Protein chains: 2
Amino acid sequence: MSQAIQHNSQVMMTRHPNFLRTAEALRPALSRQAHPPIAVVEAHADAAALFGWRAEPVSTLAAFYQRELSSGDSVIIDFGSHYVGYLHFLCQSAGSPPDAPAHLQLTFGETLSEVCEPFSDYQGWLSSSWLQQQDLWLDVLPAEIDLPRRYCFRYLKVEVKAVSRKFRLQFTQIEVNAVTSASGACPAATTSDPQLRAIDNVAVLTLQNCMQEVFEDGPKRDRRLWLGDLRLQALVNDVTFARHDLVRRCLYLFAGHTREDGMVSANVFVQPDVIADDTFLFDYSLFFVDVLYNYLQSAEDMATARELWPTARRQVELALTRCDASGVVRDSDDWWVFIDWQASLNKQAAAQGVLIYCLQRAIWLAERFEPELAVSYRQRLQQLKSAALDALWDPQQGFYVSGARRQVSWASQIWLVLAEVGTPQQRREIMRNLEKNPPAVAMNTPYLRHHYIAALLQCGLRDEAIAQIKAYWGAMVDYGADTFWEIFDPAHPDFSPYGSKLINSYCHAWSCTPAWFIRQYGL
Amino acid sequence: MSQAIQHNSQVMMTRHPNFLRTAEALRPALSRQAHPPIAVVEAHADAAALFGWRAEPVSTLAAFYQRELSSGDSVIIDFGSHYVGYLHFLCQSAGSPPDAPAHLQLTFGETLSEVCEPFSDYQGWLSSSWLQQQDLWLDVLPAEIDLPRRYCFRYLKVEVKAVSRKFRLQFTQIEVNAVTSASGACPAATTSDPQLRAIDNVAVLTLQNCMQEVFEDGPKRDRRLWLGDLRLQALVNDVTFARHDLVRRCLYLFAGHTREDGMVSANVFVQPDVIADDTFLFDYSLFFVDVLYNYLQSAEDMATARELWPTARRQVELALTRCDASGVVRDSDDWWVFIDWQASLNKQAAAQGVLIYCLQRAIWLAERFEPELAVSYRQRLQQLKSAALDALWDPQQGFYVSGARRQVSWASQIWLVLAEVGTPQQRREIMRNLEKNPPAVAMNTPYLRHHYIAALLQCGLRDEAIAQIKAYWGAMVDYGADTFWEIFDPAHPDFSPYGSKLINSYCHAWSCTPAWFIRQYGL
């Protein structure tokens with residue numbers, strides 16, 4: 001997730017040094033593994049291929065190492081899968097001694113389109129600085145190059161912009177030193193369904209490549225710890241790499257720098273210092289409660305949960321102040337809650353669902369650490385659920401409505417089902433109704449799609465969940481995805497909430513949850 | 001000097017490890033000095049200014065450090081003089097925490113035009129890789145940047161290609177760490193003439209900025225040790241920094257890697273290993289004799305001169321094989337001798353002059369180290385001089401002619417005068433005749449212009465020499481030159497032998513000799 005909105009507000013923030021020290025002590029070592037490319041490819045226009053580009057192998061790596069490149073030569077190198085890491089290469093001159101620098105331009109792509117469509121044409125809303133490229137001038141040959149920046153790519157385009165007429169350039173070794181903190185052994189997939197197994201593989205690689213010094217949302221963009229992504233990554237981590245220490249570190253990072261009133265930020269910067277972003281979102285802050293509760297269940301680490309409980313409780317307290325007297329979350333027009341990338345979505349009802357969902361987790365935590373609070377929270381939970389049914393339920397339509405215009409959306413149904421509002425029977429009917437009478441305000445991101453699958457499984461609609469996983473994540477696999485994408489609309493694969501598919505992240509944490517569904521529910 | 005000609009010949013070369021070890025032991029330490037910029041300037045089109053661009057100061061450095069730069073912002077920073085070194089800067093973000101990399105583009109210019117006219121328009125014949133630029137992506141702010149490449153510049157254009165809308169970029173320190181091996185104190189200028197003093201200053205800075213681990217021809221381009229440049233630099237070095245050890249090192253570098261038959265190359269690469277280029281030029285190889293003789297005179301280092309005498313002698317032996325039976329150097333159409341950047345110039349007569357000039361130096365060396373050879377060399381000298389007068393002198397025109405078409409050029413006169421062919425009276429008349437009846441085939445480079453001044457002074461035409469120095473190098477100073485240029489035609493300041501003024505070197509060794517004339521001749 002990346003927002004293109006400018007904040008000018010001066011938010012007063014508070015540092016919690018003890019928490020930050022704990023987070024720092026938990027900084028993981030990264031494992032490092034070298035991978036050579038698998039081939040040199042050519043890109044061909046192909047309407048049937050993802051984004052209109054198809055890769056065709058044209059040369060082996062051995063043949064490429066024999067090739068002498070002159071000014072204007074350009075090759076696309078295919079590493080065979082998605083990697084996050086550091087490019088290393090050796091090159092030398094052929095011909096006379098090099099009498100001028102060698103000017104190279106490198107372009108890195110998670111997808112083939114990124115190395116085919118010129119970045120100079122980019123007109124999206126996010127900073128073009130995310131587009132991965134580097135010019136190099138090699139003054140001395142042979143040269144051993146270790147690029148200092150971390151890149152995220154499968155494809156590398158190498159363009160020889162200029163050598164002199166007296167020499168050519170020859171690569172003699174090229175590899176990516178891939179890094180991850182997901183170094184623990186991951187249990188093999190449990191499913192016997194070949195399509196689900198393929199989906200699981202891609203999902204696990206997605207998580208692995210996002211696991212760095214924190215759980216990053218996407219290793220290409222934003223390379224950052226977002227609470228909404230962390231929540232889903234922690235689930236998949238439980239059933240794969242089980243690096244609970246990394247979840248713990250991330251919890252302390254969010255707790256370590258808060259708004260003066262105690263609200264945790266939607267995301268945290270960790271370089272050069274830990275700084276919480278000045279973006280605060282109703283749902284993301286509340287998810288601190290859910291991540292902490294889930295961490296306690298998985299890691300059985302009472303000490304951490306006890307220490308961070310006041311931070312979690314504070315998110316609930318602040319969220320409850322947004323409710324009106326009847327217990328309905330107040331709507332507004334600013335960017336106050338995330339839910340989905342969806343400009344037309346009214347988010348009131350879904351926010352009500354998130355609040356109820358997280359309040360339930362807060363109650364379970366309070367039962368352990370502050371039982372006297374649990375009593376009042378349980379009353380509040382009932383009030384919020386009743387208010388949702390009173391104010392938001394439309395029995396005629398069989399759907400919840402949201403906002404002054406009583407909008408019907410997928411998101412509203414999904415979140416109020418997940419919040420266990422209404423009877424199990426009612427919830428199951430809503431999920432069936434979504435299929436029969438799909439609301440126009442649909443799901444845009446794999447992130448909301450995750451909650452849809454979760455709601456289906458919570459309602460016991462196992463076959464429907466499997467079908468939806470296959471239809472959605474399976475379609476990405478069919479498109480050749482090595483890792484799952486930030487954005488995917490099967491009807492419009494080019495869609496980007498940022499105005500250009502080039503800037504989308506194609507390895508994105510919030511898309512990796514099929515591995516959790518498959519393993520947790522034994523699909 | 002840089003040649004755009006492709007050589008495919010496989011030349012057999014020989015290494016002389018003892019010589020290379022001596023050269024390596026003489027590698028100089030570089031002094032390093034930090035210099036801040038003096039102002040931020042704006043470039044204005046101005047037909048009266050050099051290359052049509054005039055710099056106008058618009059902000060102090062202190063004001064620039066206050067400025068917050070956004071995407072699309074561009075500034076030109078003026079360091080106030082010409083520097084060779086490493087850019088160092090500090091920058092930080094302003095606004096929200098930086099949520100995207102900061103993408104900067106840096107362009108370095110010895111002249112203002114290099115930062116005003118887009119490199120993408122460059123269509124010259126030399127590799128565009130010489131154009132000095134660098135893109136940077138800063139992932140973490142604040143950042144302390146030390147660019148690894150050495151640049152050569154007065155002007156630095158900083159373009160903020162992209163930040164996000166949430167933050168701006170602010171520079172807090174910027175400087176160049178200038179490097180040179182000309183660390184010895186340089187005696188003050190001796191002249192009382194203010195214009196000559198100004199010329200001397202620029203000449204000394206030109207030499208200083210070319211003095212690195214070797215005497216480079218130009219620190220922007222080719223950054224390389226050429227024998228023709230070394231010869232002139234060594235002269236100026238004698239009367240300024242007196243780093244005779246650097247001259248000695250360069251002699252051993254040329255002697256350390258020769259063609260199998262002993263010919264020294266026109267230039268030598270020193271990184272990553274010492275490798276002589278596969279360019280061999282009649283005049284440049286012969287100049288080894290002159291540089292060695294001059295070194296012996298200046299440094300009084302008999303041991304080195306004795307050790308390198310066989311290398312020097314070999315250049316004469318090889319050059320003499322190019323003479324026909326009468327003692328005239330044979331002409332040819334390939335790129336066999338340099339003399340000047342001048343496609344229309346026939347170089348036979350000038351080459352005859354270079355041979356005679358260097359043979360005279362060889363005789364002086366032979367008198368010390370191989371007296372029996374001096375006798376035969378003296379006979380050969382007389383033969384070559386007579387042959388020049390017989391075959392090349394045209395008494396009707398009062399000029400030497402060159403080649404089958406009997407071309408009259410400045411170069412032919414200059415070199416046969418320097419060779420002391422004919423009587424002193426005849427030589428002086430030739431120099432006067434050049435002024436009265438200037439040949440159409442003129443002088444293109446400061447390099448040939450140097451030999452013109454030398455010939456004037458050798459003929460005792462002191463006032464004419466001063467006038468010519470003022471007219472030529474003085475014009476560069478009037479154009480605002482901080483250092484003297486590789487190429488300068490007062491009638492066509494835009495002229496480039498490479499098809500674009502952007503690629504010309506504007507700090508070039510072979511232009512620094514006014515300091516020698518002024519100091520050596522007490523002008």
Side-chain angles (χ1 to χ4, degrees), chain A residues 2-9 11 71 95-105 122 125-143 148-150 160-167 221-224 265 267-273 275-279 503, chain B residues 2-9 11 71 95-105 122 125-143 148-150 160-167 221-224 265 267-273 275-279 503:
Chain A
S2 205
Q3 54 150 328
I5 298 160
Q6 184 164 0
H7 284 242
N8 283 311
S9 56
V11 181
S71 298
S96 294
D99 61 337
H103 176 191
L104 293 180
Q105 189 165 74
Y122 173 76
W125 308 313
L126 295 184
S127 175
S128 64
S129 59
W130 288 115
L131 302 170
Q132 302 178 105
Q133 52 186 321
Q134 186 65 54
D135 279 74
L136 291 178
W137 284 263
L138 308 181
D139 292 312
V140 176
L141 291 172
R149 296 187 80 209
R150 197 191 74 186
V160 178
K161 304 300 275 187
V163 288
S164 84
R165 278 179 275 181
K166 291 193 73 178
F167 75 101
R221 208 213 79 242
D222 299 337
R223 309 182 200 156
R224 203 183 315 150
S265 173
N267 70 85
V268 170
F269 300 90
V270 294
Q271 286 286 349
D273 295 313
I275 299 180
D277 190 26
D278 54 7
T279 300
I503 208 103
Chain B
S2 204
Q3 54 152 328
I5 298 160
Q6 184 165 1
H7 283 243
N8 282 311
S9 56
V11 181
S71 298
S96 293
D99 61 338
H103 176 191
L104 293 180
Q105 188 166 76
Y122 173 76
W125 308 313
L126 296 185
S127 175
S128 63
S129 59
W130 288 116
L131 302 170
Q132 302 179 104
Q133 51 186 319
Q134 185 66 53
D135 280 73
L136 290 178
W137 283 264
L138 309 181
D139 293 313
V140 176
L141 290 172
R149 295 187 80 209
R150 198 192 73 187
V160 178
K161 304 300 276 187
V163 288
S164 85
R165 279 179 274 181
K166 291 193 73 178
F167 74 102
R221 207 213 80 241
D222 298 340
R223 309 183 202 156
R224 202 183 315 151
S265 171
N267 70 86
V268 169
F269 299 90
V270 294
Q271 285 287 349
D273 295 312
I275 298 179
D277 190 26
D278 54 7
T279 301
I503 207 103

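Bear in mind the structure is a predicted one, so any value in this text is a computation, not a measurement. Numbered from 1 within each chain, the chains take letters A, B, ... in sequence-line order.
- The minimum heavy-atom distance between A/F269 and B/P97, with the atom names listed, is CE1-CB, 3.2 Å.
- Between chain A and the residues B/Q271, B/Q134, B/K161, the largest count of heavy-atom pairs under 4.5 Å involves B/Q134.
- Residues A/F167 and A/S96 share a closest heavy-atom pair of CB-O, 3.4 Å.
- Interface remark: of the candidates B/P272, B/S71, B/A276, B/P272 forms the most heavy-atom pairs closer than 4.5 Å to chain A.
- Proximity to chain B (any heavy atom under 4.5 Å) is shown, for A/L138, by neither the backbone nor the side chain.
- For a residue to count as touching a neighbouring chain, one of its non-hydrogen atoms must lie under 4.5 Å from one of that chain's; by this rule B/L141 touches chain A with the backbone only.
- Applying the salt bridge (Lys or Arg N to Asp or Glu O under 4.0 Å) test to pairs two or more places apart or on separate chains, those with a residue in residues 125-140 of chain B are A/R149-B/D139, A/R223-B/D139.
- In plain terms, the two heavy atoms of A/H103 and B/S129 that are nearest each other are CB-CB, 3.8 Å.
- For B/L136, no part lies near chain A; criterion is any non-hydrogen pair under 4.5 Å.
- With sequence neighbours left out, A/S265 forms a side-chain hydrogen bond (donor to acceptor under 3.5 Å, both in side chains) with no residue at all.
- Residue contact with chain A, scored on non-hydrogen atoms closer than 4.5 Å, involves the backbone of B/V163 exclusively.
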